[in-house]
2 protein chains.
Amino acid sequence: MAAKSRLQNELKKNLPFISLKEEALLNIMRTSDQMENRIGKTFRDFGLTASQYNVLRILRGAGEPLPALEIASRLIQVVPAITGLVDRLEKQNLVVRKRCTEDRRVVYVEITKKALKIVDSLDQPLAKIQEELLGHMNQKELKELIRLLEKARESLH
Amino acid sequence: MAAKSRLQNELKKNLPFISLKEEALLNIMRTSDQMENRIGKTFRDFGLTASQYNVLRILRGAGEPLPALEIASRLIQVVPAITGLVDRLEKQNLVVRKRCTEDRRVVYVEITKKALKIVDSLDQPLAKIQEELLGHMNQKELKELIRLLEKARESLH
DNA sequence: TGAATATAATTTACATGTAAACTAATTGAG
DNA sequence: CTCAATTAGTTTACATGTAAATTATATTCA
């Protein structure tokens, strides 16, 4: 019924608040967007994008070359994205591709010394930004926030 | 020794989190990514992307044509993105551009009836997904999560 | 063994976000 | 009034995320 539909829309438009679930979802996405944005600026100051930094951080953490898909799975990215990402990192001499000899389908990605220096030099600035972004929350609040977000993600398992 | 946190296991990270702040930030971003991903699939089922849906939802909520930059500001997107977004929506006959006669710099974007139908038809599926994603959290938890995220964003003001 | 599958990456096509430069139109100070 | 500054949008250039198809290699099982 057209009239009823319009009325429903009218009511929806004027509702002072949305459902708690919708409000929570919007809060999660909005907070994430803004934090990513803030952190991303620091990466750009160092000539990296957030994705590029994450690849390098994973490689540093691993302490050894990793297959491309292994990196992709840790980034939770779709497979094709990793190819271009590694392409651009390789172009900047931040990683090296090495074809595996036992299984020639596998491409190992190795971080270079140049990249290690950059990633290391980002540790302090990043710690500072984390302090800037969440320094006003106390330990109890941070733990509760983490708990609630982990619980929220349980629906995705 | 305390068991590794859930996120650490998910990311197969070798090193422990340096700080609660870092863990909280990663939890925020990861949760957002996964929820966006899940919701995005529904939009695609209806021939829309998340960004396109958000533009249409804003226009429906406004109840009147809005200037392009007004839409952009509500989406918290950078200015140039809105042009292409409106281009693609216009190509699908979901919005119409109307140059303002008083101030010819301004472009009003108006939602079409076709688009209104689509957005309306998404209300129920979206409510269902919200239930699927956060239905296992009780009201108290949702309110606390919202409060903590709002507090987290205070540092960005 | 050999065909059917599965796996690791890549390629292609498209939508989007970001930054910087540019155009058109309006405004405001002198 | 006039010209510099501002404002609304667009264009361009690039990095990224998503999906589908493709290539090369490896594995499995009849």
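Lettering follows sequence order; numbering is per chain, from 1.
Rounded to a whole Å, the CZ atom of B:R99 is 7 Å from the P atom of D:dT10. For the pair B:L94 CG and C:dA15 C1', the computed distance is 15 Å after rounding to whole Å. When rounded to the nearest whole Å, the span between CG of A:N37 and C1' of C:dG17 equals 9 Å. Taking atom CG of B:L85 as the reference point, atom P of C:dG17 lies 7 Å away to the nearest angstrom. Here the C1' atom of nucleotide C:dT10 and the CZ atom of A:R104 are 15 Å apart, to the nearest Å. Put simply, CZ on B:R88 is 17 Å from P on C:dA13, counting in whole angstrom units. Between A:L48 atom CG and C:dT18 atom P there is a gap of 18 Å when expressed in whole angstrom units. Distance CG (B:D103) to C1' (D:dT6): 12 Å, rounded to an integer number of Å.
The two residues B:K114 and B:N93 make their nearest non-hydrogen contact at CD-O, 3.9 Å.
Looking at heavy-atom distances under 4.0 Å, B:P80 makes contact with a base. In this structure, A:R44 reaches the sugar-phosphate backbone alone: every heavy-atom distance under 4.0 Å involves primed, P, OP1 or OP2 atoms, never a base.
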Passes salt bridge (Lys or Arg N to Asp or Glu O under 4.0 Å), A:D33 versus A:R38? Steps please.
CA-CA 9 Å; A:D33 275 358; A:R38 175 68 190 83; over 6 Å; no

Given salt bridge (Lys or Arg N to Asp or Glu O under 4.0 Å), test A:R97 with A:D87 step by step and report yes or no.
CA-CA 9 Å; A:R97 273 191 173 89; A:D87 282 348; 2.9 Å; yes

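Under 3.5 Å, the side chain of B:R105 and the base of D:dT7 form at least one donor-acceptor pair of N or O atoms.
The nucleotide whose nearest atom lies closest to any side-chain atom of B:V106 is, among C:dA9, D:dG9, C:dT16, D:dG9. The side chain of B:V79 lies closest to D:dT10 when the candidates are D:dT10, C:dT10, D:dA15.
DNA chain D is contacted by both A:A50 and A:E102; A:A50 maps to the nucleotide lying nearer its 5′ end (nearest heavy atom per residue). Residue-to-nucleotide proximity on DNA chain C shows that, of A:L66 and B:T101, the 5′-proximal contact is made by A:L66.
Look at A:R97 and you won't find any side-chain N or O under 4.0 angstrom from OP1 or OP2 of C:dA8. When the side-chain nitrogen and oxygen atoms of B:S51 are compared with OP1 and OP2 of C:dG17, one or more of them lie within a distance under 4.0 Å.
Donor-acceptor pairing under 3.5 Å is recorded for the side chains of B:R153 and A:N27. Side-chain contact annotation: A:S19 with A:E23, donor-acceptor N/O pair under 3.5 Å absent.
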